[in-house]
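The residues of the chain are indexed from 1 along the displayed sequence. What you see below is based on every heavy atom in this structure, not just the backbone, and it leaves out hydrogens, waters and symmetry mates.
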Amino acid sequence: YRSLRDLRLPLGQLNVVTGANGTGKSSLYRALRLLADCSSGRVISSLAREGGLDSVLWAGPEHVAATVRSGRYPVQGTARSRPISLQLGFASDDFSYLIDLGLPTRYESSAFNLDPEIKREVVWSGRVMRPATVLVKRKRALVELRSSSSRRDSWENFEGALRPYESVLTEVLDPVRAPELVAVREQIRSWRFYDQFRTDVDSPVRQSQIGTRTPVLDGDGRDLAAALETIIEIGEADALIGTIDDAFPGSRLQVVETRGRFDLELYAHGLLRPLSAAELSDGTLRYLLLVAALLSPRPPSLMVLNEPETSLHVDLLPALARLIAAARERTQIVVVTHARELVNALTDAGAEPLRLVKDFGATTVEGVDRLEQPPWNWGSR
């Protein structure tokens, strides 16, 4: 995917991804979002919004010769020896998943012939895919499920043939024959991504909103007041109070409910009246959004924060790092940032730093040799 040619990241409970501009941090964030889209059947449309498969594939040569690396010759295109493919996947102690997308096979005239196709999907138990651990395998339209019979290598065919744009995660809905698909789908669907909250004058975050119980903050933060009130009533209210005081000493939050509409107010030290959401600075509002996300009463299996330091003063970054470090007790966290102060604070809190660098246009992890990357087997078509 773009500059991520063969990137395998060893993720701990708290991870901070950093690097210079153009090293692939945004590509990593988008690749994780694409992987999450598989669980809801949106991966094809998400790729289309990025310009299609041709736009997101690696733009360099398939192989870089040693003479090119030495600087004796310029980089040149070579004849392709492998099929064009975009491969994404993740591994966990329980179940793991990979998807392989490729160019469409044009058997008939269609206005959708530029859509990529799902060529292959695999679900297996444990971290490393081996023949004995594979539970579900899909090749083009055919899906095979490992049988529950006593025979070691017994497989059953799924009754329906999948279309090239349909994923096993959304189409094979059989909790008896394929409970692992249900587990993987629900795990991925719990992932949350927070990126560049809107805090402009017309942002929904600054407006009064109809409020209902909101254990999960929306991706754009529009339900901030309801999410904070939910934390106060059924979540960690003491943690919320302490977090606000840590960032803004002497301040406290209040959510005002008027006939079902919620308004956020912040009592700041030294002021005679509270400040409404419309009056808060961009940095203060963004920090409150991160608080609502990280103190969610329904923590996800994975949360990815992309440049959470945006609009925050450098003095707020230590408090943000403490908030993130505390949240890792309930969820796995990946922070993508280039703020040195935040990187240092998270590293001091026990985060595993992953510094991305470019090697002939391809993203790699600084100080991690290919043989030191986590074991992973893509298999073949």
- Message: I'd like to check the ring-ring contact (aromatic ring centres under 6.0 Å, His included) partners of Tyr97; sequence neighbours left out, ordered by chain and number.
- Response: none

- Phe90-Trp191 aromatic ring centre distance below 6.0 Å: yes

- Message: Looking at Arg213, I'd like to know if its CZ atom is crowded, meaning that more than 12 non-hydrogen atoms belonging to other residues, nucleotides or ligands lie closer than 6.0 Å.
- Response: no

- Message: Looking at Arg261 and Asp263, is any side-chain nitrogen of the basic one under 4.0 Å from a carboxylate oxygen of the acidic one?
- Response: no

- Task: Would you kindly check if the NZ (Lys) or CZ (Arg) of Lys137 is within the cone defined by 45 degrees around the ring axis of Trp124 and under 6.0 Å from the six-membered ring centre?
- Result: no

- Message: Run the ring-ring contact (aromatic ring centres under 6.0 Å, His included) test against Phe158 and tell me which residues pass, sequence neighbours left out.
- Response: none

- Task: Go through the steps to decide whether Ser167 and Glu121 satisfy the test side chain to side chain donor-acceptor pair (under 3.5 Å), and finish with yes or no.
- Result: CA-CA 8 Å; Ser167 168; Glu121 290 177 282; 2.7 Å; yes

- Ring centres under 6.0 angstrom apart (Phe112, Tyr165): no

- Note on the structure: When rounded to the nearest 0.5 Å, the distance separating OG1 of Thr18 from CG of Asn344 is 9.5 Å

- Item | Glu309/Arg340 salt bridge by N-O under 4.0 Å criterion | no

- Task: Can you establish whether the number of heavy atoms outside Lys358 located under 6.0 Å from its atom NZ is more than 12?
- Result: yes

- Roughly how far, to the nearest 0.5 Å, is CG of Leu295 from CD1 of Ile231? 5.0 Å

- Message: Under a 4.0 Å threshold between the charged nitrogen and the carboxylate oxygen, would Arg322 count as salt-bridged to Asp246?
- Response: yes

- Task: Anything under 30° is parallel, anything over 60° is perpendicular, the rest tilted; go ahead and classify Phe197 against Tyr194.
- Result: tilted

- Query: Is Arg252 salt-bridged to Asp245, cutoff N-O under 4.0 Å?
  - Reply: no

- Could you list the residues that satisfy side chain to side chain donor-acceptor pair (under 3.5 Å) with Arg355, not counting sequence neighbours? none

- Test: Asp282 and Arg206 ion pair at under 4.0 Å: yes

